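What you see is a predicted model, and the numbers here were worked out from it, not measured in a lab.
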Amino acid sequence: MPRRVLSDTVFDAALDRLMGVYAEGHRVVISFSGGKDSGVCVELAIMARQALGQTEPVEVVMRDEEVMLPGTFEYAERVAARPEVSFHWIVQRQPVINVFNRVEPYFWCFDDRLSPDQWMRVPPPFAKWQDAKTIFALTTVEEFPPPEGKSLFVVTGLRGQESGVRLAGIHSSGGARTGHEGDPRRYLRPIYDWTDGDIWKAIRDMRWDYNRAYDTLFRFGVPRHRLRIGPPTMSFMAVHEMDIARRAWPRWFDRLAERLPGVRTAAMFGKRYVTPERRMGETWEQCFQRECIDRAPAPWIAERATKVADYYRRQHARHSTAPFPDVTRCSECGSSASWRSLARIMYNGNPFSLKMDNIIPYMEPEFFRPGSGTWGASPTAGT
């Protein structure tokens with residue numbers, strides 16, 4: 001789908017999108033993460049309400065992840081203290097992936113089996129504790145009922161520049177809004193067409209507050225297009241951040257290493273620690289068998305890897321007599337179709353089943369901690 005160039009600036013277009021949903025009388029909630037994109041959405045929403053002469057505060061909701069880079073929750077507390085904002089600080093005690101621990105892939109935020117002095121920090125006194133585990137539960141119509149005949153619009157800082165998948169999703173929905181008129185719950189992505197440069201220019205020109213962790217990451221050499229703030233143990237890509245954290249915030253990092261096993265080793269050895277290593281003369285199929293099945297540190301990892309391998313062998317045999325490819329991906333089988341890519345995806349068991357949800361189910365918290373319950377929905381629902 002070709003891109004359509006607008007006559008407005010992206011700043012004016014984003015402001016108009018927010019003013020539109022406010023003027024139509026919908027209920028609007030900003031999904032806040034502590035990052036630059038959601039922070040800009042908060043600032044734009046405040047401007048939109050003021051431009052319309054609406055005096056009600058902007059509603060903002062955030063889930064406390066317990067473990068975030070220093071400066072993130074300090075920024076969130078500054079936003080929460082603003083009179084223009086009604087801030088809903090939610091604690092769910094949800095499991096979060098720790099990719100640096102292959103045996104126990106989840107840790108529990110503000111774990112009730114630990115004493116509070118073992119947590120990374122204590123939530124602020126105004127935080128609301130919620131039993132649900134998925135992020136979708138933060139912004140339901142039950143929690144934020146819209147006016148009669150109107151919708152609940154959840155505003156996210158999603159931008160098309162961040163990934164091709166997100167850009168395709170924006171094109172499929174036809175613009176900033178998702179869903180149809182009359183749907184009880186919809187999404188609004190007011191800055192979907194902004195670039196990283198647009199974000200930082202707006203912050204500088206408007207003198208908006210932002211998360212100061214970005215400054216530290218930038219000083220340590222992280223390029224502008226890779227400046228991301230999120231739970232630091234969710235992705236293998238955060239290995240570099242762990243090394244920066246070890247040097248930039250040594251006390252915080254030492255506490256994190258005590259809280260989450262595997263973090264210190266990841267900071268020391270980098271991607272080698274979280275990536276299967278193919279030996280000299282070995283194929284990637286042999287590497288997959290050895291690392292993900294034969295020498296897997298837990299039976300559940302081996303079981304899931306076996307199911308994925310069997311699935312792709314059968315899938316490939318339906319359209320080809322050649323062996324399943326070792327490195328070059330098979331376009332007929334899908335984007336993950338080579339032994340190398342499967343080895344990297346399944347090395348830690350892939351508990352959220354990312355890219356594999358049609359083959360293996362996601363791992364329920366109950367499996368690792370009896371009595372902790374189930375997700376009740378996809379663990380990534382609403383993200």
List the steps and the verdict of side-chain hydrogen bond (donor to acceptor under 3.5 Å, both in side chains) for S151 and D183.
CA-CA 6 Å; S151 300; D183 290 349; over 6 Å; no

Verdict with supporting geometry, R177 and E24, salt bridge (charged side-chain N to carboxylate O under 4.0 Å, His left out)
CA-CA 13 Å; R177 299 188 185 190; E24 292 168 14; 3.1 Å; yes

Would R63 and S33 count as a side-chain hydrogen bond (donor to acceptor under 3.5 Å, both in side chains) if you check the C-alpha gap in whole Å, the side-chain angles of each, and the deciding distance to 0.1 Å?
CA-CA 7 Å; R63 180 170 69 173; S33 66; over 6 Å; no

Could you give me the CA-CA distance, side-chain angles and deciding distance for I191 and D37, then say whether side chain to side chain contact (heavy atoms under 4.5 Å, CB included) is met?
CA-CA 8 Å; I191 60 171; D37 299 334; 4.0 Å; yes

Kindly indicate, with the supporting measurements, whether the criterion side chain to side chain contact (heavy atoms under 4.5 Å, CB included) is fulfilled by W252 and M120.
CA-CA 8 Å; W252 178 87; M120 286 296 292; 3.3 Å; yes

Quick one: do Q50 and I46 satisfy side chain to side chain contact (heavy atoms under 4.5 Å, CB included)? Show the steps, please.
CA-CA 6 Å; Q50 292 174 344; I46 292 172; 3.6 Å; yes

D111/W119 under side-chain hydrogen bond (donor to acceptor under 3.5 Å, both in side chains): CA gap, chis, key distance, verdict
CA-CA 7 Å; D111 194 339; W119 301 342; over 6 Å; no

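Taking a cutoff of 4.0 Å between a charged side-chain nitrogen and a carboxylate oxygen, E59 and R27 qualify as a salt bridge. Ionic pairing of R17 and D193 is present here: one or more N-O contacts between side-chain nitrogen and carboxylate oxygen are shorter than 4.0 angstrom. Salt bridge present: R247 and D243 bring a charged side-chain N and a carboxylate O closer than 4.0 Å. Ion pairing between D198 and R159 fails under the 4.0 Å rule for side-chain N and carboxylate O.
More than 12 heavy-atom neighbours from other residues, nucleotides or ligands sit within 6.0 angstrom of CZ on R212. For CD of E181, the number of neighbouring non-hydrogen atoms (other residues, nucleotides, ligands) closer than 6.0 Å is 12 at most. Taking a 6.0 Å sphere around CZ of R295, one finds it holds 12 or fewer heavy atoms contributed by other residues, nucleotides or ligands.
With contacts defined as side-chain heavy-atom distances shorter than 4.5 Å, the pair H88/V60 does not qualify. Proximity of Q94 to E65: side-chain heavy atoms (C-beta onward) are separated by under 4.5 Å at one or more points. In this structure the side chain of M206 reaches within 4.5 angstrom of the side chain of M47, judged on heavy atoms. Side-chain atoms of P370 and E366, non-hydrogen and from C-beta on, do get closer than 4.5 Å to each other. With contacts defined as side-chain heavy-atom distances shorter than 4.5 Å, the pair M242/F100 qualifies.
In plain terms, the two heavy atoms of S38 and F32 that are nearest each other are OG-CD1, 3.7 Å. Closest non-hydrogen pair, I359 versus K307, comes out as CG2-O, 4.1 Å. Contact detail for A213 and L69: the closest heavy-atom pair is CB-CB, 4.2 Å. Contact between Q118 and R259 at its shortest, heavy atoms only, is O-CD, 3.3 Å. The two residues Y22 and A45 make their nearest non-hydrogen contact at OH-CB, 3.8 Å. Shown here for G35 and Y75, the closest heavy-atom pair between the two residues is O-CE2, 4.2 Å.
The structure places NZ of K150 at 10.0 Å from CZ of F153, a figure rounded to the nearest 0.5 Å. Atom CZ of residue R78 and atom CG of residue N211 lie 7.5 Å apart, to the nearest 0.5 angstrom.
Taken together through direct or relayed side-chain contacts under 4.5 Å among Ile, Leu, Val, Met, Phe, Trp and Tyr, V103 and F269 form parts of separate hydrophobic clusters.
Looking only at distances, a side-chain donor or acceptor of R102 sits under 3.5 Å from a matching main-chain atom of Y347. Under a 3.5 Å cut-off, the side chain of N101 and the backbone N or O of P105 do not form any donor-acceptor pair. Not a single donor-acceptor pair under 3.5 Å links the side chain of R344 to the backbone N or O of T275. Using modelled atom types, no side-chain atom of S31 and backbone atom of V155 make a donor-acceptor pair closer than 3.5 Å. Using a distance-only test at 3.5 Å, with no hydrogens or angles considered, no donor-acceptor pair links the side chain of R340 to the main chain of W284. With hydrogens and angles disregarded, a donor-acceptor distance shorter than 3.5 Å links the side chain of H316 to the backbone of A322. Looking at S341, its side chain does come within 3.5 Å of a backbone N or O of S338 through a donor-acceptor pair.
When E285, E277, E282 are each tested for a salt bridge (charged side-chain N to carboxylate O under 4.0 Å, His left out) with R290, only one passes: E282.
Judged by a 6.0 Å distance limit and a 45° cone about the ring axis, R224 is not positioned over the six-membered ring of W200.
You'll find the ring centres of Y312 and F324 inside the 6.0 Å limit. The six-membered or imidazole ring of Y106 lies near that of F368, with a centre-to-centre distance under 6.0 Å.
Between Y214 and Y210, the ring planes lie tilted relative to each other; the angle falls in the 30° to 60° range.
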